[in-house]
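Here the structure is a predicted model, which is why all the values come from computation and not from measurement. Reckoned from all heavy atoms, side chains included, excluding hydrogens, waters and symmetry mates. For reference, positions follow the sequence shown, starting with 1.
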Amino acid sequence: MLLPFSSLLDVFPRMVRTLGMEQGKECRMESSGENVRIDRRILEMLHDPLMHMMRNSIDHGIENSEDRKAAGKDPIVYGDDGRGIDLERLKAVAVSQGLILAEDVKKMDRRAALDLVFVSGMSTSEIITDISGRGLGMAIVRDKVESLGGSVVLASPAGKGFRVILNIPVALTSFRGIVVGAGGKNFVFPKSGVRKVML
């Protein structure tokens, strides 16, 4: 059954305002595409990833009102136009936490460095709060979206916010597959991805 995207979004504006007030930040949520119809199962599976992203934006990205005014930004937030991700700090934390080797960090391009936010356990937050800081949120987002057959793309120009683009299917579909047994386990491969079966 296809439902409007707005049925998922209804709970978020109040949560954004409440979390913002608790953090001493003026926040509001704007959205578009509310009338797009999406499979109910996908909407249910997107709830947690969207919740993680919004909580992370409020806790990590959005500055307090004084900092925003000093940076020449409107004190009311229209999306996440916060400070963005400090890639040098992100890479340094990844090395210090043993998530990646220092020599590998030097070879990373911007896209690969941004993808460090998806590593489970990765957090640049110095404290763990009720909102974030455990380093799990973005890993959960990617896992959920990819389990739906979608993908996640990040954009974060320094000082100009953080954008997460979720490419998701409109509906979950059934597919024809080929069952293969190996090591005592069964695996299903989509038939469309199999060129030849040799017996």
**Message:** A side-chain contact here means heavy atoms from C-beta on lying under 4.5 Å apart; do Ile178 and Val188 qualify?
**Reply:** no
**Asked** Roughly how far, to the nearest 0.5 Å, is CG of Leu154 from CZ of Arg110?
**Response** 10.5 Å
**Request:** Identify the two heavy atoms, one from Gly20 and one from Cys27, that lie closest to each other, and give their separation to 0.1 Å.
**Result:** CA-SG, 3.9 Å
**Asked** Can a salt bridge be assigned to the pair Arg40 and Glu44 using a cut-off of 4.0 Å between side-chain N and carboxylate O?
**Response** yes
**Request:** For the residue pair Ile58 and Gln23, establish whether any side-chain heavy-atom pair is separated by less than 4.5 Å.
**Result:** yes
**Request:** Test Glu146 against Val152 for side-chain contact (heavy atoms from CB on, under 4.5 Å), laying out the working first.
**Result:** CA-CA 8 Å; Glu146 288 181 350; Val152 182; 5.7 Å; no
**Heavy-atom pair with the smallest gap, counting every atom of Met45 and Ser147** = CE-OG, 3.7 Å
**Request:** With sequence neighbours excluded, tell me which residues meet ring pair (Phe, Tyr, Trp, His ring centres under 6.0 Å) with Phe12.
**Result:** His47
**Message:** Hydrophobic clustering (ILVMFWY, side-chain heavy atoms < 4.5 Å, transitive) - are Val36 and Leu50 grouped together?
**Reply:** yes
**Item:** Beyond-backbone contact of Val119 with Gln97, side-chain heavy atoms, under 4.5 angstrom
**Value:** no
**Item:** Partner set under side-chain hydrogen bond (donor to acceptor under 3.5 Å, both in side chains) for Glu88, not counting sequence neighbours
**Value:** Lys91
**Donor-acceptor contact present, side-chain Arg142 to main-chain Phe118, <3.5 Å** = no
**Request:** Please determine if Arg111 and Asp109 form a salt bridge, counting it only when a charged side-chain N lies under 4.0 Å from a carboxylate O.
**Result:** no
**Message:** For Val95 and Leu101: C-alpha separation, side-chain torsions, deciding distance, then whether side-chain contact (heavy atoms from CB on, under 4.5 Å) applies.
**Reply:** CA-CA 6 Å; Val95 170; Leu101 298 173; over 6 Å; no
**Message:** Is there a side-chain contact between Met29 and Leu9 in this structure, where contact means two heavy atoms from C-beta onward sitting under 4.5 Å apart?
**Reply:** yes
**Asked** Quick one: CZ on Arg41 to CG on Leu3, what's the gap to the nearest 0.5 Å?
**Response** 11.0 Å
**Message:** On a heavy-atom basis, which atom in Arg37 and which in Pro4 lie closest, and how many Å separate them?
**Reply:** NH1-CD, 3.6 Å
**Request:** Tell me, with the steps shown, if Arg28 and Val16 meet side-chain contact (heavy atoms from CB on, under 4.5 Å).
**Result:** CA-CA 6 Å; Arg28 86 171 188 211; Val16 166; 5.5 Å; no
**Request:** Would you name the heavy atoms of Phe187 and Ala182 that are closest together and state the gap between them?
**Result:** CE1-O, 3.8 Å
**Inter-residue atom distance Glu26.CD - Met21.CE, 0.5 Å rounding** = 10.5 Å
**Request:** Determine, using the 4.5 Å side-chain heavy-atom cutoff (strictly less than), whether Val11 and Ile42 are members of one ILVMFWY cluster.
**Result:** yes
**Request:** Test side-chain contact (heavy atoms from CB on, under 4.5 Å) on Ser7 and Leu43 and set out the steps.
**Result:** CA-CA 8 Å; Ser7 64; Leu43 288 175; 3.5 Å; yes
**Item:** Closest approach of Ala113 to Leu90 (non-hydrogen atoms, all atoms of both residues)
**Value:** O-CD2, 3.1 Å
**Between CG on residue Leu19 and CE on residue Met51, distance to nearest 0.5 Å** = 8.5 Å
**Request:** Supply the atom-to-atom distance Asp39 CG to Leu148 CG, rounded to the nearest 0.5 angstrom.
**Result:** 9.5 Å
**Asked** If you round to the nearest 0.5 Å, how far is CG of Leu116 from CG of Leu99?
**Response** 8.0 Å
